[in-house]
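Taking it in order: structure first as structure tokens, then the write-up.
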Amino acid sequence: MKRALITGITGQDGSYLADLLLEKGYEVHGIVRRSSSFNTRRLDHIYRDPHDSDRRLMLHYGDVSDASRLVTLLMRIRPDEVYHLAAQSHVRVSFDEPEHTGDTTGMGTTRLLEAILMSGRDIRYYQASSSEMFGATPPPQNEQTAFHPRSPYGAAKVYSYWMTRNYREAHGMFAVNGILFNHESPRRGETFVTRKIARAAARIKAGLDRYVYLGNLDAVRDWGYAPEYVEGMWQMLQLDRPDDYVLATGVGSTVREFVEHCFAHVCLDWHDHVRHDEAYLRPAEVDALVGDASKAREEFGWSARTPVDRLAQIMVDAELEQLATKTPETWSAPPFADSRTFREHVAPAVPR
Ligand code: NAP
Ligand code: GDD
């Protein structure tokens, strides 16, 4: 039985990757941050009691800012594959917390790579690199495109990208960069724009809210469906040689178009419900990301299958279903009588 370790297992991608690896017969270990409330909601459907003898999902407390803990976990778990997904992954938040973002999204990678090296074991390593690294460089972007990050998050990911390549070149490690463009799902965090819009469309349709407040509607992103992207991560670690690969749909849409798809699906005119709030603008914006994934298609047959309008429908339907299964008490509107979530509301306006 192959053994995998996933950092960031409680996040969107970590949870889908855990689903996939369990289906493939792996023993799956995940690192979870200690939190005062449960942060394992996305794993509820695969969680098994620690007393079940045949369970194949094991969770361990740990943090990518804690090097000695990473070494201990690597020694104890002895994984065949490590998927490094943990990060402070919110671009807007990275402007508020640049140092923390550098420590986790950047230095966390070095701590983990070094722990793997110290283990002396032949471990295959996946680095969650990002299209945010391309930043201001115009599309289409592929593996040869120059990086020009536009946020502390993007800069930290560029550092991690090069550390991954360096451990491959200097130490012969099987280390790959998956350069993934935006991928979304009903498990997406509530403060990323697609989930925020899908959630708002459903809540407005249900009469729970009237407005959603958004920032830049002109930004272009290449949005795909997350479960397909974790398949690509796994495929990269099964290759004969380590390399770096873009995963993307190749189709760009504006935030406005995503809004249109979501509101049209619930038969509402978005103009009546979308308002602007400059608090959601960024000090420096990434205007357009549209990826070219032909290398992944040619070398291991990966391609995205879900178009953006279908993705919007999947996300809105999941929100509607969630509302339908909740009792009216737990439906209560958020304290701001619109679809701003508390976490986004407390973010300071720009400039700080
Ligand atoms: P996500 O939902 O925000 O998940 C991030 C995960 O990292 C969570 O499990 C989080 O734990 C964990 N984490 C954060 N700080 C940590 C720390 N100091 N120590 C240990 N764990 C920590 O992100 P995602 O969308 O699944 O993305 C996965 C990875 O791919 C990230 O590295 C992201 O930057 C990268 N990426 C994502 C996309 C995308 O479109 N989704 C595209 C390109 C690259 P909590 O649950 O406790 O917060
Ligand atoms: N979050 C958010 N909230 N974004 C908004 C809003 C809003 O109210 N209004 C407009 N936007 C715009 C942002 O300015 C950005 O141009 C776009 O919507 C997408 O924002 P996010 O969904 O927050 O994602 P991101 O593209 O910045 O970053 C995501 O994708 C990267 C890959 O390109 C994250 O998942 C990163 O971790 C990932 O690396």
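In listed order, ligands and their atoms are each counted from 1. Both backbone and side-chain heavy atoms feed into the values below; hydrogens, waters and symmetry mates do not.
- Looking only at atom types and distance, the side chain of Gln127 has no donor-acceptor partner in the side chain of Asn177 under 3.5 Å away.
- Against a heavy-atom cut-off of under 4.0 Å, Leu180 is close to the following atoms of ligand 1: 42 (C), 43 (C).
- On a distance-only criterion, Asp13 and ligand 1 share at least one N/O pair closer than 3.5 Å.
- Near Val91, meaning under 4.0 Å from one of its heavy atoms, ligand 2 places the atoms 27 (O), 28 (O).
- Of the candidates Lys295, Arg297, Met233, Tyr245 forms a side chain to side chain contact (heavy atoms under 4.5 Å, CB included) with just one, namely Lys295.
- The proximity of Lys157 to ligand 2, defined as any non-hydrogen pair under 4.0 Å, does not occur for either the backbone or the side chain.
- At least one N or O atom of Val193 sits closer than 3.5 Å to an N or O atom of ligand 2.
- Residue-level proximity to ligand 1 for Lys157 is carried by the side chain, the only part with a heavy atom below 4.0 angstrom.
- When each atom of ligand 2 is checked for a heavy atom of Leu289 under 4.0 Å away, the hits are 33 (O).
- With Tyr280 as the aromatic partner, Lys196 meets the cation-pi criteria of under 6.0 angstrom to the ring centre and within 45 degrees of the ring axis.
- Val176 and Leu239 fall within a single hydrophobic cluster, where Ile, Leu, Val, Met, Phe, Trp and Tyr are joined by side-chain heavy atoms under 4.5 Å apart, directly or via other members.
- Heavy-atom distances between Thr7 and ligand 1 stay at or above 4.0 Å for every pair.
- Residue-level proximity to ligand 2 for Val255 is carried by the side chain, the only part with a heavy atom below 4.0 angstrom.
- Contacts with ligand 2 closer than 4.0 Å are made by heavy atoms of both the backbone and the side chain of Ser89.
- Heavy-atom proximity to atom 28 (C) of ligand 1, evaluated over Leu289, Asp66, Leu85, is greatest for Leu85.
- The option from Ser89, Ser65, Gly11, Gly8 that lies nearest to atom 23 (O) of ligand 1, judged by heavy atoms, is Ser89.
- Atom NE2 of His84 sits about 9.0 Å away from atom CD1 of Ile31, to the nearest 0.5 Å.
- Residue Val64 holds the heavy atom nearest to atom 19 (N) of ligand 1 of all those in Val64, Thr191, Ile9.
- Listed by number with element, the atoms of ligand 2 under 4.0 Å from a non-hydrogen atom of Ser131 are 32 (C), 33 (O).
- Among Tyr83, Tyr153, Phe181, Phe38, the residue whose heavy atom lies nearest to atom 36 (N) of ligand 1 is Tyr153.
- Residues Tyr161 and Met133 have side chains in contact (heavy-atom distance under 4.5 Å, counting atoms from C-beta outward).
- Counting only heavy atoms from C-beta outward, the side chains of Leu22 and Leu20 never approach each other to under 4.5 Å.
- Judged by distance alone, the side chains of Gln88 and Ser94 never bring a donor and an acceptor atom under 3.5 Å apart.
- The closest approach between a heavy atom of Arg188 and any atom of ligand 2 is below 4.0 Å.
- Of the possible donor and acceptor atoms, none in the side chain of Gln313 sits under 3.5 Å from a partner among the backbone N and O of Cys262.
- For the pair Arg275 and Tyr211, the cation sits on the ring face: its NZ or CZ lies under 6.0 Å from the ring centre, inside 45° of the axis.
- In terms of protein heavy-atom proximity, atom 11 (O) of ligand 1 is closest to Thr10 OG1, 3.3 Å.
- In this model, a donor atom of one side chain and an acceptor atom of the other lie less than 3.5 Å apart for Glu81 and Gln238.
- Cation-pi contact between Arg187 and Tyr16: present, with separation from the ring centre below 6.0 Å and deviation from the ring axis of at most 45°.
- In summary, the atoms of ligand 1 found under 4.0 Å from a heavy atom of Asn182, numbered by their order in the structure, are 40 (O).
- Under a hydrophobic-cluster definition in which Ile, Leu, Val, Met, Phe, Trp and Tyr are linked whenever side-chain heavy atoms come within less than 4.5 Å, directly or via other members, Met236 and Ile179 are assigned to different clusters.
- The protein heavy-atom contact nearest to atom 39 (C) of ligand 1 is His183 CE1, 3.3 Å.
- The protein non-hydrogen atom at the shortest distance from atom 2 (O) of ligand 1 is Gln12 N, 3.1 Å.
- Relative ring orientation between Tyr167 and His171 is described as tilted, the plane-to-plane angle lying within the 30° to 60° band.
- Residue contact check: Glu285 has heavy atoms under 4.0 Å from atoms 13 (C), 14 (O), 15 (C), 16 (O) of ligand 2.
- Polar contact check, Lys196 against ligand 2: a nitrogen or oxygen pair lies under 3.5 Å apart.
- Using cut-offs of 30° and 60° for the angle between ring planes, the Phe147 and Phe134 rings count as tilted.
- Using a 4.0 Å cut-off between heavy atoms, Thr104 contacts ligand 1 through its side chain alone, with no backbone atom that close.
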Run Asp122 and Asp80 through side chain to side chain contact (heavy atoms under 4.5 Å, CB included) and show every step you take. CA-CA 7 Å; Asp122 204 6; Asp80 302 292; over 6 Å; no
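- Of the residues Thr164, Thr110, Thr109, the one that meets the side-chain hydrogen bond (donor to acceptor under 3.5 Å, both in side chains) test with Tyr159 is Thr110.
- Heavy-atom separations between Ser129 and ligand 1 include at least one value shorter than 4.0 Å.
- In Arg188, the part holding a heavy atom less than 4.0 Å from any atom of ligand 1 is the side chain.
- Both tests do not hold together for Lys2 against Tyr26: distance to the six-membered ring centre under 6.0 Å, angle to the ring axis within 45°.
- Across the listed options Arg34, Arg33, Arg221, Arg33 owns the non-hydrogen atom lying nearest to atom 15 (N) of ligand 1.
- Any N or O atom pair closer than 3.5 Å counts here, and Phe192 shares no such pair with ligand 1.
- Assignment of Tyr229 to the shell around ligand 1 is not supported, since no heavy atom sits closer than 4.0 Å.
- Ligand 1 is never approached by His84 to a heavy-atom distance shorter than 4.0 Å.
- Within the 4.0 Å heavy-atom shell around ligand 1 one does not find Ile31.
- Under 4.0 angstrom from ligand 2, there are no non-hydrogen atoms of Leu281.
- The aromatic rings of Tyr83 and Tyr126 are tilted relative to each other, their planes meeting at an angle between 30° and 60°.
- Taking the ring centre of Phe192 as origin, the terminal cationic atom of Arg195 falls outside the region bounded by 6.0 Å and 45° from the ring axis.
- Salt bridge annotation for Arg56-Glu27: absent, with no cationic side-chain nitrogen under 4.0 angstrom from a carboxylate oxygen.
- For atom 5 (C) of ligand 1, the closest non-hydrogen atom of the protein is Ala87 O, 3.8 Å.
- Closest to atom 10 (C) of ligand 2 by heavy atom, among Leu217, Asn182, Asn216, is Asn216.
- Look at Arg282 and you'll find a heavy atom under 4.0 Å from some atom of ligand 2.
- Of all atoms in ligand 1, listed by their number and element, those nearer than 4.0 Å to a heavy atom of Ala128 are 29 (C), 30 (O), 32 (O), 35 (C).
- Where the criterion is an N or O separation shorter than 3.5 Å, residue side chain and backbone included, Thr191 meets it with respect to ligand 2.
- Note: no N/O pair closer than 3.5 Å links Gln88 and ligand 1 by distance alone.
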